[in-house]
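Here is the structure we will look at.
Computed from heavy atoms alone, side chains included, the values below leave out hydrogens, waters and symmetry copies.
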Amino acid sequence: MNKKITIVGGGAAGMMAAICAAERGAAVTLLEPGERLGKKLNITGKGRCNVTNNADRETLLSNVPRNAKFLYSAFSRFDGRDAMAFFEALGVPLKTERGNRVFPVSDRSFDVSGALEKRLRGLKVKLVRDRALRVDTAEGRVCGVTGDRGKYPADAVILATGGVSYPATGSTGEGHRMAADLGHTVTPLRGSLVPLREKGNLCARMQGLSLRNVELTVLENGKKIHSDFGELLFTHFGVSGPLVLSASAHMRRFDQKDYRLEIDLKPALDEQTLDRRLLSDFGKYANSDFDNALNDLLPQKIIPVLVELTGIPPHQKVHELTREQRHTLLVLLKHFPIEVAGPCPVTDAIVTSGGIKISEINPTTMESKLVKGLYFAGELIDTDAYTGGFNLQIAWATGRAAGLAAAEEDTL
C-alpha cells in the first residue's frame with residue numbers, strides 16, 4: 001500500500017518535497033491555492049532565478065546567519081553542487097556567475113519551475129487547487145488536511161507554505177497559523193533582505209537615483225560589520241537595491257543597536273587620487289560657484305545633498321575653498337552617511353526571518369517533535385540566509401529531507 005502524503009504549498013520547498021516523496025513510491029497530493037506553482041520562485045533573481053550557490057556544506061552554513069547548525073544534516077546530504085546536479089538532470093543547463101551564484105543558462109526562471117512541474121507530472125503527483133485550512137490529527141498524529149474544497153486523508157503532512165514576505169505570491173502566514181494551532185512555537189516574523197528606512201529625508205530628496213559600482217558599509221553602533229560593492233537605489237522612504245537588500249541581512253538587532261550606512265561614491269579612487277581629481281576639477285571651475293564644480297564628478301541629484309552635508313555655502317567661489325573644506329568634501333565622498341531608522345515591513349522583504357522554532361523540529365527528517373507525521377520545509381522554518389542562492393538552497397535541502405523522510409518512515 002502506497003503511503004499517502006499531502007503537501008501544503010507549491011513553492012520551491014513544496015515541489016522538491018513532492019518530487020522526493022513520489023520518487024520513493026508515495027502517493028502525493030500537492031495543495032496549492034494559486035493559479036501556478038513556484039510563483040515566488042519565478043520572480044527570484046529579477047526573473048532569472050538564482051537557483052543555488054556553487055558551494056559545499058561549510059560555505060553554505062557560513063552564509064546562514066540564523067540557526068545554521070540546524071541545517072547541518074540537510075546540507076550534508078544535499079549541498080549546492082547536489083542541487084546543480086539535480087536541476088541539470090531535469091534538463092536545466094546551469095551557469096555559475098560572480099559570488100558562485102548559479103543561474104539557468106537561459107536566464108529564465110520559468111525554465112526552473114517548468115522543469116519541476118514536468119517532473120511532478122511524470123511522477124503522477126496529484127495537484128489540487130485548494131487552500132488548506134488546518135492539519136487534522138487523531139491520537140497525537142496527523143491524519144490529513146482540511147481545505148476550502150475538501151478533505152485530504154494522509155499518513156504524513158508536509159507544511160511548505162513559505163513565510164510572510166511578498167504576500168502577493170501566496171506567502172500569507174497560513175502555515176505558521178496551522179503549526180501554532182497544533183502547539184508549535186512561531187518566533188517573531190521579521191523581514192530579511194529588505195529595503196531600509198532612513199532617519200530624515202536625505203534619500204527622499206534623491207528619490208529615483210540609482211548608483212552603480214559603489215561600496216556600501218554597514219556600521220553597528222559605530223563598528224563596521226559588513227561591506228560590499230554593487231548597486232543601490234534611493235527611494236522616498238530610504239534605500240533599496242541589491243546592495244541594500246544584502247546589507248539588511250546583517251542588521252538584525254534594530255531593537256538594541258543603532259545602524260548607519262556609509263557609501264563610498266568613488267571606490268576605485270583612494271583618497272590621494274581622489275584629492276588630485278578634486279584639485280583638477282577645482283582648477284577647471286575656479287571661478288564657478290561650489291555647487292557647480294561637482295557636475296563632472298557626481299550625478300546631478302546627489303550634488304545639493306552633498307553640498308549641504310559639507311557645510312560649504314553653495315555659492316562660495318571654488319578658488320576660495322580652503323584645504324579643510326576640500327578635505328571635508330573628500331571624506332563625504334568616501335563616507336556618504338545614511339542614518340537607518342529601521343527595516344521596511346516584512347511584507348516588503350524577499351525573505352522572512354523567524355518561523356517555526358527549530359528546537360521543535362528534527363533537523364535530520366524535518367519532522368515535528370510535537371506531532372507525529374507532521375513535517376516542515378522551506379521558509380516556514382526559523383532559519384534564513386544571505387543573498388546569493390542560499391535561501392533557495394535551504395528550500396531545496398529541507399524540502400528534500402522532509403519528502404524523503406515522510407515517504408520512508410513508518411507512519412502507517
Summary of side chain to side chain donor-acceptor pair (under 3.5 Å) pairs that have at least one residue in residues 202-211, sequence neighbours excluded:
R205-E308, S210-E231
In terms of side-chain geometry, is the basic nitrogen of D348 or R197 positioned less than 4.0 Å from the acidic oxygen of its partner?
no
Can we say R400 and D82 salt-bridge, meaning some charged N sits less than 4.0 Å from an Asp/Glu carboxylate O?
no
How about Q256: does its CD atom have over 12 heavy atoms from other parts shown lying under 6.0 Å from it?
yes
Is any NZ, NE, NH1 or NH2 atom of the basic residue among K39 and E32 found under 4.0 Å from an Asp or Glu carboxylate oxygen of the other?
no
Residue set satisfying salt bridge (Lys or Arg N to Asp or Glu O under 4.0 Å) with R134, at least two apart, ordered chain then number -> D136
May I ask you to test the F75-V64 pair for a side-chain heavy-atom distance under 4.5 Å?
yes
Donor-acceptor contact below 3.5 Å, side chain S109 vs main chain N42:
yes
How long is the span from the NZ atom in K266 to the CZ atom in R277, to the nearest 0.5 Å?
6.0 Å
Are E379 and T352 linked by a side-chain donor-acceptor pair shorter than 3.5 Å?
yes
Could K95 and D107 be called an ion pair, given the rule that one side-chain N must be under 4.0 Å from one carboxylate O?
yes
Less than 4.0 angstrom from a charged side-chain N to a carboxylate O is my criterion; do E174 and R177 meet it?
yes
Between R81 and N54: side-chain donor-acceptor atoms closer than 3.5 Å:
yes
Any side-chain heavy atom of L392 sitting closer than 4.5 Å to one from L41?
yes
If you measure from OG1 on T383 to NZ on K69, what distance do you get to the nearest 0.5 Å?
13.0 Å
Taking side chain as C-beta onward, heavy atoms only, is I381 less than 4.5 Å from F70?
yes
I need the full list of ring pair (Phe, Tyr, Trp, His ring centres under 6.0 Å) pairs touching residues 95-115, with sequence neighbours left out, sorted by first then second residue.
none
Between the side chain of R108 and the main-chain N/O of R48, is any donor-acceptor distance below 3.5 Å?
no
